[in-house]
**Q** 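Shown below is the structure under consideration.
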Amino acid sequence: MTEATPVDWELARTLAFEAGRAAAGDAEEVPLGEADGRTLAEPLRALTDLPAFPTSSIDGWAVRGPAPWRPVGRVLAGGTPPPLTTDGDCAEIATGAMVPDGATALIRVEDSVTGPDGRVTGEPRAVPDWRLPGEEADRGEELLPTGTAVDPAVIGVAATCGYETLQVRRIPRAALLVFGDELLTSGPPGNGRVRDSLGPQVPSWLRRYGAAVGTATGPVKDTLDAHLEAIRSALDTADLICTTGGTMHGPVDHLHPALTELGADYIVNTVAVRPGFPMLLARVPGPDGRPRFLAGLPGNPQSAIIALVTLVAPLLAGLRGRALPPLPRVTAGTGIPGRGDFTHLALAALDPTGRTATPVGHVGSAMLRGLANSHGFAVVRPGTQATAGDAIEFLPLPLMPGERL
């Protein structure tokens, strides 16, 4: 591929995802309490019938035969009760307790009466008040498939089944290299230099996409030797290296020559998307022979984030063993222009219902104000434009845990 032949945006996403999926990390076993946010590396199967035994869903009486019943004991959760062997016997039973063998019905305490002689009468409800073995799942049944995102509910299901650990995909490790002698790492911009805004923010985006990230390195000097040294150092520990700047072919853009020197293989080299088309994704041989990935993000901040959502997010989904999620559809709140033969990713905010997307202002490639006021990108395909009321695709930005649109 060359810079003169940008890859279609949807194809670029697919290529990045397939590359990640082919290189997905091995499984590792982690305790349930450490599994949140990971991905199942094997199906979650029921280790026993669920419930494993007939279970009372009420407080009341386990009875045998017709009323009246003579209380002969009490059944609490956590024990194995003796059977009811004689018609006319009953046992007080608590919610969650094992139903004794021989019981023919359960009577809710509010539906029962205890007479002066201590005997119990009452009527069972039409729907039995106990849960039968296998009602939720049979032993060996697949409850959740490989690739399921582990969340607290999944952990709860696993615990219910009796698991203490889960087999999950390894977390991809990412590093960030910031290129550019013109960048400041503190203080306000001035005198021809600009403040680095990508070094502080990109690691957080990477973490939201499921990578383990250290601190950013840079600014790396604008020389080929400095670029090579920084990339080689990151290759020692990272599965994915993200770089910012240097994706063009200007006099101080050394990323492409560095990739050539390192024997890299381009997966994607420029994408037909606006803003942000000078982006790239490459495989780079690691010191142990295992390939690593390098994602070259443009130096302009908004373009860099578009490169993240276009190439890095699908790659990390593949590396984590996840599926590439389909793009939801929303309604365009206003007209959104197309970009000719390029896909237009227009920063947009969603209304409170999450169903209507309206473009925001301050969306130049070098601007971040619009990004801070957006929920994601309205997707306008090549050769089209959107008018108010049209159904369009929407690429959401990753949310913090617990957030909902």
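We number each residue from 1, following the sequence as shown.
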**Q** Taking the side chain as every heavy atom from C-beta outward, state whether Leu297 and Thr243 have any atom pair closer than 4.5 Å.
**A**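 The answer is no; the side chains never approach within 4.5 Å.
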**Q** Can you run down the side-chain hydrogen bond (donor to acceptor under 3.5 Å, both in side chains) pairs that involve residues 334-345, sequence neighbours left out, and say none if there aren't any?
**A**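 Sorted pair list comes back empty.
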**Q** Between Asp288 (side chain only) and Arg290 (backbone N and O only), is there a donor and an acceptor less than 3.5 Å apart?
**A**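 Yes.
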**Q** Yes or no on side-chain contact (heavy atoms from CB on, under 4.5 Å) for Leu259 and Leu280, after CA distance, side-chain angles and deciding distance?
**A** CA-CA 11 Å; Leu259 290 173; Leu280 65 87; 3.8 Å; yes
**Q** Do other residues, nucleotides or ligands put more than 12 heavy atoms under 6.0 Å from the CD atom of Glu123?
**A**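 Counting other residues, nucleotides and ligands, CD of Glu123 stays at 12 neighbours or fewer.
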**Q** Would one find more than 12 heavy atoms of other residues, nucleotides or ligands at under 6.0 Å from atom CD of Glu229?
**A**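 No - once you tally the heavy atoms of other residues, nucleotides and ligands closer than 6.0 Å, there are 12 at most.
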**Q** Of all heavy-atom pairs between Asp253 and Pro257, which one has the smallest distance, and what is that distance?
**A**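 It is O-CD, 4.0 Å.
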**Q** When you compare the side chains of Ser56 and Trp130, does any donor N or O come within less than 3.5 Å of an acceptor on the partner?
**A**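 Per modelled atom types, Ser56 and Trp130 side chains form no pair under 3.5 Å.
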**Q** Less than 4.5 Å apart, side chain to side chain, heavy atoms only: is that true for Leu397 and Val309?
**A**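 Yes; the side chains approach each other to less than 4.5 Å.
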**Q** Would you find a donor on one side and an acceptor on the other, under 3.5 Å apart, between the side chain of Thr148 and the backbone of Leu144?
**A**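 Such a contact is absent between Thr148 side chain and Leu144 backbone.
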**Q** Do Gln302 and Ser365 pair up side chain to side chain, a donor and an acceptor below 3.5 Å, judged on atom types alone?
**A**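 There is no such pair (donor and acceptor under 3.5 Å, judged by atom type) between the side chains of Gln302 and Ser365.
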**Q** Does NZ or CZ of Arg13 lie under 6.0 Å from the centre of the six-membered ring of Trp9, at an angle within 45° of the ring axis?
**A**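 So Arg13 does make the cation-pi contact.
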**Q** With Val268 as reference, evaluate Leu11, Leu311, Thr14, Thr310 under the side-chain contact (heavy atoms from CB on, under 4.5 Å) test and give the passing residue.
**A**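 The option that passes is Leu311.
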**Q** Run the side-chain contact (heavy atoms from CB on, under 4.5 Å) check on Asp89 and Val63 step by step: do they pass?
**A** CA-CA 6 Å; Asp89 284 352; Val63 303; over 6 Å; no
**Q** Could you check whether any side-chain heavy atom of Leu166 comes within less than 4.5 Å of a side-chain heavy atom of Leu32, counting everything from C-beta outward?
**A**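 Yes, side chains in contact.
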**Q** Report yes or no: does Glu261 contribute a side-chain atom to a donor-acceptor pair with the main-chain N or O of Ala258 at less than 3.5 Å?
**A**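 No: the side chain of Glu261 does not pair with the backbone of Ala258.
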**Q** For Arg369, is there any backbone N or O sitting under 3.5 Å from a side-chain donor or acceptor partner on Asn373?
**A**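 Confirmed, Asn373 side chain pairs with Arg369 backbone.
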**Q** Within the side chain of Thr260, is there an N or O that forms a donor-acceptor pair under 3.5 Å with the backbone of His256?
**A**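 Yes, the answer is positive, given that a donor and an acceptor are paired below the 3.5 Å cut-off.
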**Q** Does some side-chain heavy atom of Thr244 sit less than 4.5 Å from a side-chain heavy atom of Leu177?
**A**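 SC-SC contact between Leu177 and Thr244 ruled out.
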**Q** Determine, step by step, whether Thr146 and Glu42 satisfy the side-chain hydrogen bond (donor to acceptor under 3.5 Å, both in side chains) criterion, reporting the C-alpha distance in whole Å, the side-chain angles of both residues, the deciding distance to 0.1 Å, and the verdict.
**A** CA-CA 5 Å; Thr146 299; Glu42 63 183 21; over 6 Å; no
**Q** Which is it for Phe394 and Leu327 under the side-chain contact (heavy atoms from CB on, under 4.5 Å) test, yes or no, and what are the steps along the way?
**A** CA-CA 6 Å; Phe394 188 77; Leu327 297 179; over 6 Å; no
**Q** Do other residues, nucleotides or ligands put more than 12 heavy atoms under 6.0 Å from the CZ atom of Arg207?
**A**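 For Arg207, atom CZ is crowded (more than 12 foreign heavy atoms under 6.0 Å).
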**Q** Can you tell me how far CG of Leu44 sits from SG of Cys161, rounded to the nearest 0.5 angstrom?
**A**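 Reported value, rounded in 0.5 Å steps: 5.5 Å.
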**Q** Do the charged groups of Arg108 and Asp59 touch, with an N to O distance under 4.0 Å?
**A**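 Salt bridge flag = no for Asp59 with Arg108.
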**Q** Between Val330 and Leu350, does a side-chain contact (heavy atoms from CB on, under 4.5 Å) hold up when you go through it step by step?
**A** CA-CA 9 Å; Val330 298; Leu350 295 173; 4.2 Å; yes
**Q** Would you name the heavy atoms of Pro285 and Gly263 that are closest together and state the gap between them?
**A**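 Looks like CD-O, 3.6 Å.
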**Q** Taking Thr55 for the side chain and Phe53 for the main chain, is one N or O donor matched with an acceptor at less than 3.5 Å?
**A**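 Indeed, once roles are kept as given, a pair shorter than 3.5 Å links the two residues.
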**Q** Taking Thr353 for its side chain and Arg355 for its backbone only, find out whether a donor-acceptor pair lies under 3.5 Å.
**A**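 Yes: the side chain of Thr353 pairs with the backbone of Arg355.
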**Q** Could you tell me whether the side chains of Thr223 and Asp225 share a donor-acceptor contact shorter than 3.5 Å?
**A**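 There is no such pair between these side chains.
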**Q** Compare every heavy atom of Ala19 with every heavy atom of Phe293, then report the nearest pair and how far apart it is.
**A**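 Looking at all heavy atoms of both residues, the closest pair is CZ-O, 3.6 Å.
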**Q** Is it the case that over 12 heavy atoms from other parts of the model lie below 6.0 angstrom from the CZ atom of Arg139?
**A**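 No.
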**Q** For Glu164, does the CD atom sit with more than 12 other heavy atoms under 6.0 Å from it, leaving out its own atoms?
**A**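 Counting other residues, nucleotides and ligands, CD of Glu164 stays at 12 neighbours or fewer.
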**Q** What are the two closest heavy atoms between Asp181 and Arg193, and how far apart are they?
**A**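 In this case the closest contact between Asp181 and Arg193 is O-NH2, 3.4 Å.
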**Q** Please report the C-alpha distance between Arg169 and Glu28 in whole Å, then the side-chain angles of each, then the deciding distance to 0.1 Å, and finally whether the salt bridge (charged side-chain N to carboxylate O under 4.0 Å, His left out) criterion is met.
**A** CA-CA 6 Å; Arg169 290 291 181 189; Glu28 62 180 355; over 6 Å; no
**Q** Just checking Asp26: does its CG atom have more than 12 heavy atoms from other residues, nucleotides or ligands closer to it than 6.0 angstrom?
**A**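 Open.
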**Q** Is the backbone N or O of Ala238 less than 3.5 Å from a side-chain atom of Arg292, with the two atoms forming a donor-acceptor pair by type?
**A**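 Such a contact is found between Arg292 side chain and Ala238 backbone.
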**Q** So, for Gly370 and Val360, which heavy atoms are closest and what is the spacing to 0.1 Å?
**A**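 Minimum heavy-atom contact is O-CG2, 3.6 Å.
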**Q** Taking ring-ring contact (aromatic ring centres under 6.0 Å, His included) as the test, write out the residues that go with Phe179, two or more places apart.
**A**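 Partners of Phe179 under the ring-ring contact (aromatic ring centres under 6.0 Å, His included) test: His227.
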**Q** Please report the shortest heavy-atom distance between Tyr163 and Arg45, naming the atom on each side.
**A**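 Heavy-atom minimum between the residues: OH-O, 2.7 Å.
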**Q** Begin with the C-alpha distance, continue with both residues' side-chain angles, and end with the deciding distance and a verdict on salt bridge (charged side-chain N to carboxylate O under 4.0 Å, His left out) for Arg173 and Asp239.
**A** CA-CA 5 Å; Arg173 299 164 299 173; Asp239 303 297; 3.4 Å; yes
**Q** For a side-chain contact (heavy atoms from CB on, under 4.5 Å) with Leu294, tell me which candidate from Leu240, Leu255, Leu235 qualifies.
**A**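 Checked Leu240, Leu255, Leu235 against Leu294; only one passes side-chain contact (heavy atoms from CB on, under 4.5 Å): Leu255.
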**Q** Using atom types as modelled and distance alone, determine if a side-chain donor or acceptor of Ser112 lies under 3.5 Å from a backbone N or O of Ile107.
**A**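 No: the side chain of Ser112 does not pair with the backbone of Ile107.
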**Q** Using modelled atom types only, decide if a donor and an acceptor are shared between the side chain of Thr104 and the backbone of Gly65 within a distance under 3.5 Å.
**A**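 Here the side-chain-to-backbone pair exists.
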**Q** Test Thr39 against every option in Arg170, Arg320, Arg322 by the side chain to side chain donor-acceptor pair (under 3.5 Å) rule and name the one that passes.
**A**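 Testing each of Arg170, Arg320, Arg322 against Thr39, the sole residue satisfying side chain to side chain donor-acceptor pair (under 3.5 Å) is Arg322.
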